[in-house]
Amino acid sequence: MPEGPEIRRAADQLEQAILGKTLTEVWFAFPELKTYEPALLGEKVTAIETRGKALLTHFSNGLTLYSHNQLYGVWRVVNRDDTPQTNRVLRVRLATADRAILLYSASDITLLNSETLATHPFLNRVGPDVLDMSLTVERVTDRLLSARFRRRQFSGLLLDQAFLAGLGNYLRAEILWQAQLLPQHKAQDLSPQQLAIFADALLAIPRHSYQMRGTMDEKRHHGAAFRFKVFHRTGKPCERCGTIIEKSTLSSRPFYWCPGCQR
């Protein structure tokens, strides 16, 4: 499943294709959404916001399209008159004079106004987004030490969107490696130095992944390309201590770690 950085990059591509342009076609597959098609025709997309793995498409008339890709949903950007050949089921089509964005296979889709947006169950439950640049290490530290989260093992906490939105399985492994921690640790048991390093990694790793993942031209992008340190590196030496990286299963998902320097 895509994690926060992948969802945000997808949102960036959608914004680049459609933001601020007049909608010339609006189509929804679900009958309960079709009544909104005339209201959105001629409007513009003003912003595409991410909340963890959910995507909010804001329109100029005040409505917001909520969509969650879950396991199978995927957005595509195409030229206005293109119809991609795919076995996926089209759910949403928004088109302008030259481009169209298409949502396939997602099932969790709804249109919200300002009132229903403020009371949406998922949006009310989800924690701060790790890619929200106003979120600070100090706020993350406060959440870690709060009564709600301080006794939680990191194995489950780092997959809980109510703690921090946008984290997922590969980020869990990479963050814990960066902080030299095991998934059985809890915030209440960390030293102040460990806590500071961990809180920093919780923001730095997903933000670096968003900015640089897949980037190989380091000079062009003025930074180091994102590369996995432990994820999918079973049997390879840890670049920090040389110990062979191991794999196990946590929360029904594969987990990778270095037994040499994660203690």
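In this structure, CG in Leu158 is found 10.0 Å from CZ in Arg152, a value given to the nearest 0.5 Å. The line from CZ of Arg172 to CD1 of Ile205 is 15.0 Å long, rounded to the nearest 0.5 Å. A distance of 4.0 Å separates OG1 of Thr24 from CZ of Arg80, quoted to the nearest 0.5 Å. In this structure, CD on Glu246 lies 11.5 Å from SG on Cys238, to the nearest 0.5 angstrom. Considering CD1 of Ile7 and CG of Leu131, their distance stands at 10.5 Å, rounded to 0.5 Å.
Hydrophobic clustering keeps Leu103 apart from Phe122 (ILVMFWY residues linked when any side-chain heavy atoms are closer than 4.5 Å, directly or through intermediates). One hydrophobic cluster, built from ILVMFWY side chains closer than 4.5 Å, holds both Phe255 and Phe163. Put simply, Tyr104 and Val77 are part of two different groups of oily side chains (I, L, V, M, F, W, Y) that touch within less than 4.5 Å, one to the next. Hydrophobic clustering (ILVMFWY, side-chain heavy atoms < 4.5 Å, transitive): Ile101 and Phe30 are in one cluster. No single ILVMFWY cluster, assembled from side-chain heavy atoms under 4.5 Å apart, contains both Leu159 and Leu157.
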Trace of the side chain to side chain donor-acceptor pair (under 3.5 Å) decision for Asn69 with Ser67
CA-CA 6 Å; Asn69 284 9; Ser67 61; 4.9 Å; no

When you look at Tyr256 and Asn169, which way does the side chain to side chain donor-acceptor pair (under 3.5 Å) test go after all the steps?
CA-CA 10 Å; Tyr256 304 82; Asn169 197 40; over 6 Å; no

Can you list the steps and then say if Lys53 with Glu3 is a salt bridge (charged side-chain N to carboxylate O under 4.0 Å, His left out)?
CA-CA 6 Å; Lys53 301 171 188 179; Glu3 301 180 24; 5.8 Å; no

Under the criterion side chain to side chain donor-acceptor pair (under 3.5 Å), I'd like the reasoning laid out for His58 against Thr46: C-alpha separation, chi angles, the key distance, then a yes or no.
CA-CA 6 Å; His58 299 289; Thr46 58; 5.8 Å; no

Could you check Tyr170 against Ser209 for side chain to side chain donor-acceptor pair (under 3.5 Å), going step by step and ending with a plain yes or no?
CA-CA 10 Å; Tyr170 85 78; Ser209 177; 2.7 Å; yes

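Using a cut-off of 4.0 Å between Lys/Arg side-chain N and Asp/Glu carboxylate O, Glu49 and Arg8 are scored as not salt-bridged.
Other residues, nucleotides and ligands contribute more than 12 heavy atoms inside 6.0 Å of the NZ atom of Lys21. Within 6.0 Å of the CD atom in Gln184, the count of heavy atoms belonging to other residues, nucleotides or ligands exceeds 12. Counted within 6.0 Å of CD on Gln193, heavy atoms from surrounding residues, nucleotides or ligands total 12 or fewer; the atom is thus considered open.
Both the sub-6.0 Å distance and the 45° axial angle are not jointly satisfied by Arg91 relative to the ring of Trp27.
In terms of heavy-atom proximity, Val130 sits nearest to Leu202 at CG1-O, 3.8 Å.
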